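Given the structure is predicted, the values throughout are model-derived calculations rather than measurements.
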Amino acid sequence: MIDQDKIKQAVRLLLEGIGEDISREGLLDTPDRIARMYEELYGGMEEDAGTHLSRTFHVNNSEMVVEKDITFYSTCEHHLLPFYGKVHIAYIPDGEVVGLSKLARTVEVFARRLQIQEKLTGQIADALMTFVHPKGVLVMVEAEHMCMTMRGIKKPGSQTVTLARRGVFETDPGLEERFFHLLK
């Protein structure tokens, strides 16, 4: 659970640590603003993806379902800087599908945590396998990391791409090819 008092105290210490005057007008309410913002940005810490994925609908076919270009924003657990981009999800139903908005909500659950992209990709795939029980899932995440853009190597525009394959996507390369064709 998010402790707003601790966050406010930490923000005051951080501002003092970088040499700021925490009593100046522009910073007076900053600790409170940041504490409220963190409650929103890290709300996924308290959420369970199963809440969103537990309601499914019966289908008679096993055709691939693709939801692409799901925008997300997350925070790198190594530098506490944002990374953001798009998530593309494909799954092969095994008699059940989930509402399309629930795929985006699942992305949000995991993106709204301190995170690394590799783990985020796998968490989304694993949640779908666990709660929707498809024949297979493929999740692709494309993201720009501010730790690559703002500091260190300073390479804006570079993209990191991660994939997580589960079930039939691990054994049938033709399914992956169809997925990439549909992304174009």
Side-chain angles (χ1 to χ4, degrees), residues 1-2 37-78 81-148 157-184:
M1 178 158 232
I2 292 180
M37 177 185 71
Y38 278 7
E39 201 150 40
E40 179 183 345
L41 292 180
Y42 304 119
M45 302 283 293
E46 304 296 321
E47 283 191 79
D48 177 8
T51 303
H52 303 294
L53 296 173
S54 61
R55 180 168 163 93
T56 58
F57 305 96
H58 181 74
V59 293
N60 290 323
N61 66 48
S62 296
E63 296 299 319
M64 185 185 307
V65 176
V66 176
E67 184 71 18
K68 65 181 191 172
D69 296 330
I70 302 168
T71 301
F72 79 94
Y73 301 90
S74 193
T75 305
C76 168
E77 65 185 32
H78 298 148
L81 288 171
F83 68 98
Y84 58 91
K86 304 279 186 187
V87 176
H88 316 288
I89 299 172
Y91 71 98
I92 307 294
D94 192 10
E96 302 289 326
V97 294
V98 67
L100 297 176
S101 70
K102 305 309 183 196
L103 298 174
R105 290 186 190 283
T106 300
V107 169
E108 286 298 303
V109 165
F110 295 114
R112 291 175 47 204
R113 301 174 179 188
L114 289 178
Q115 196 55 280
I116 62 171
Q117 182 175 334
E118 297 87 343
K119 190 162 113 181
L120 170 69
T121 309
Q123 287 172 328
I124 296 166
D126 292 340
L128 284 161
M129 289 299 289
T130 299
F131 297 107
V132 182
H133 312 288
K135 294 178 181 178
V137 172
L138 192 147
V139 176
M140 178 177 163
V141 178
E142 301 173 289
E144 181 169 351
H145 293 250
M146 290 295 97
C147 54
M148 289 276 294
S158 62
Q159 294 278 307
T160 301
V161 178
T162 50
L163 289 172
R165 296 173 193 84
R166 304 290 187 269
V168 295
F169 281 99
E170 294 176 290
T171 58
D172 185 345
L175 287 174
E176 187 174 323
E177 287 176 31
R178 278 191 12 213
F179 170 74
F180 284 118
H181 179 73
L182 289 169
L183 287 186
K184 292 180 183 181

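Minimum heavy-atom separation, M140 to V161: CE-CG1, 3.8 Å. Heavy-atom minimum distance, I89 versus V139: CG1-CG2, 4.3 Å. The two residues P93 and N61 come nearest to each other via the heavy atoms CB-O, 4.2 Å. The two residues I116 and H78 make their nearest non-hydrogen contact at CG2-CE1, 3.6 Å. Nearest heavy-atom pair across P134 and L128 is CD-O, 3.3 Å.
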E46 vs M1, side chain to side chain contact (heavy atoms under 4.5 Å, CB included): CA-CA, chis, key distance, verdict: CA-CA 7 Å; E46 304 296 321; M1 178 158 232; 4.1 Å; yes

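In this structure the side chain of V98 never reaches within 4.5 angstrom of the side chain of V65, judged on heavy atoms. The side-chain heavy atoms of F110 and K119, taken from C-beta on, include no pair separated by under 4.5 Å.
Between Q117 and H145, the side chains place a donor N or O and an acceptor N or O closer than 3.5 Å (distance only, hydrogens not considered). No hydrogens or angles considered: nothing links the side chains of S74 and Q115 as a donor-acceptor pair under 3.5 Å.
A donor-acceptor contact shorter than 3.5 Å is absent between the side chain of R166 and the backbone of V137. Of the possible donor and acceptor atoms, none in the side chain of H58 sits under 3.5 Å from a partner among the backbone N and O of E96. Of the possible donor and acceptor atoms, none in the side chain of R178 sits under 3.5 Å from a partner among the backbone N and O of G174. Of the possible polar contacts, one joining the R112 side chain to the E40 backbone as a donor-acceptor pair under 3.5 Å is found.
For the atom pair CD of E63 and OH of Y91, the computed distance is 12.5 Å after rounding to the nearest 0.5 Å. Atoms CZ and CD, from R113 and E77 in turn, are 11.5 Å apart once rounded to the nearest 0.5 Å. Here NE2 of H88 is found 6.5 Å from CZ of F179. Values are rounded to the nearest 0.5 Å. Atom CG of L175 sits about 5.0 Å away from atom CZ of F169, to the nearest 0.5 Å. In this structure, the separation between CD on E108 and CD1 on I70 is 9.5 Å, given to the nearest 0.5 Å. In this structure, D94 CG and T56 OG1 are separated by 11.5 Å, a value rounded to the nearest 0.5 Å.
Aromatic ring orientation, F72 versus F83: perpendicular (interplanar angle above 60°, classes split at 30° and 60°).
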